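Since the structure comes first, as structure tokens, the remarks are kept for the end.
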Amino acid sequence: MAHIDYYFSTLSPFAYLAGAGLEEIAARHGASVTYKPLDIMALFARTGGTAPAERHPSRNAYRAQELPRQARKRGLPLNLKPAHWPTNPAPSSYAIIAAQNAGGGDVGALVQSVLRACWAEERDIAEDAVVRECLQQAGFDPALADTGLLSGAETYATNLEEAVNAGVFGAPFYVVDSGQSFWGQDRLEDLDLHLAGKL
């Protein structure tokens, strides 16, 4: 059975646009997934990337076209300039880590709920109430928003180091235990083909 390490940021619009694609592919091929939220700005700094606010205007202009196009393609609502972006990604990331450790709910649904809150629902994913609601909707104990802080912070930092060592430089990024890596929601089809032995 294949295993996928999924590196992402709860601030990433492209991770939002991935929707449930990873989960559907993993289920189709019997693959397991480890969700590894990380500090995307720290990852950019470590791997030669640039924060959106510091990119050349032409790159940001293209991003402003590409995000709505991809959202329409996938039938997903999108606010190109969310009211609460950027915000502190740590609380939602820690909650995802705690939920994955605790089990009992749907981690993929939790990740999607957090991303949807930011990119479609104009909610601040740094707020405790928002994180708790996302946890509850995905079948987890909302109290994980409080109890998983210390271990969450440690794992969050570890995820960044593992990402750098695995050659990850953006989000979403899918690393299969076969050694193959796939960057971007637009490479999910390739991930699917790889797991099927066709690519």
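Keep in mind it's a predicted model, so treat the numbers as computed, not measured.
- Each of Ile25 and Val175 belongs to its own hydrophobic cluster when Ile, Leu, Val, Met, Phe, Trp and Tyr are linked at side-chain heavy-atom distances under 4.5 angstrom.
- Within 6.0 Å of atom CD in Glu23, more than 12 heavy atoms from other residues, nucleotides or ligands are found, so the atom counts as buried in its surroundings.
- Contact detail for Ala145 and Arg132: the closest heavy-atom pair is CB-CG, 4.0 Å.
- Salt-bridge annotation for Glu66 and Arg63: absent, with no side-chain N of the basic residue lying under 4.0 Å from a carboxylate O of the acidic one.
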Should Val168 and Asp5 be marked as a side chain to side chain contact (heavy atoms under 4.5 Å, CB included) after you check the CA-CA gap, both sets of side-chain angles, and the distance that decides it?
CA-CA 11 Å; Val168 173; Asp5 284 332; over 6 Å; no
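- The hydrophobic clustering, which links ILVMFWY residues whose side-chain heavy atoms are closer than 4.5 Å, places Ile4 and Phe14 together.
- Heavy-atom contacts from other residues, nucleotides or ligands closer than 6.0 Å to CZ of Arg28 number more than 12.
- Transitive grouping of hydrophobic side chains (ILVMFWY, heavy atoms separated by less than 4.5 Å) keeps Met41 and Tyr16 in distinct clusters.
- Ile97 and Val130 fall into different hydrophobic clusters, where Ile, Leu, Val, Met, Phe, Trp and Tyr residues are linked whenever their side-chain heavy atoms come under 4.5 Å apart, directly or through other members.
- Inspection of the Gln70 and Arg74 side chains reveals an N or O donor paired with an N or O acceptor under 3.5 Å.
- Below 30°, between 30° and 60°, or above 60°: for His194 and Phe182 the angle between ring planes is between 30° and 60°, a tilted geometry.
- Side-chain contact between Asp141 and Leu135 is absent, with no heavy atoms from C-beta onward closer than 4.5 Å.
- Between the side chain of Asp192 and the backbone N or O of Leu188, no donor-acceptor pair lies under 3.5 Å.
- By the neighbour-count criterion of 12 heavy atoms within 6.0 Å, atom CD of Glu161 is densely surrounded, having more than that number from other residues, nucleotides or ligands.
- Between Lys81 and Glu122 there is no salt bridge, since no side-chain N of the basic residue sits under 4.0 Å from a carboxylate O of the acidic one.
- If you look at Phe173 and Phe8, their ring centroids are not closer than 6.0 Å.
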Let me see the working for Trp119 and Trp85 under side chain to side chain contact (heavy atoms under 4.5 Å, CB included), right down to the final yes or no.
CA-CA 9 Å; Trp119 289 98; Trp85 187 91; 3.4 Å; yes
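- With hydrophobic clusters built from ILVMFWY side chains whose heavy atoms lie under 4.5 angstrom apart, Val33 does not share a cluster with Leu38.
- Tested against Tyr174, the residues Tyr6, Tyr35, Tyr7, Trp183 include a single ring-ring contact (aromatic ring centres under 6.0 Å, His included) partner, Tyr6.
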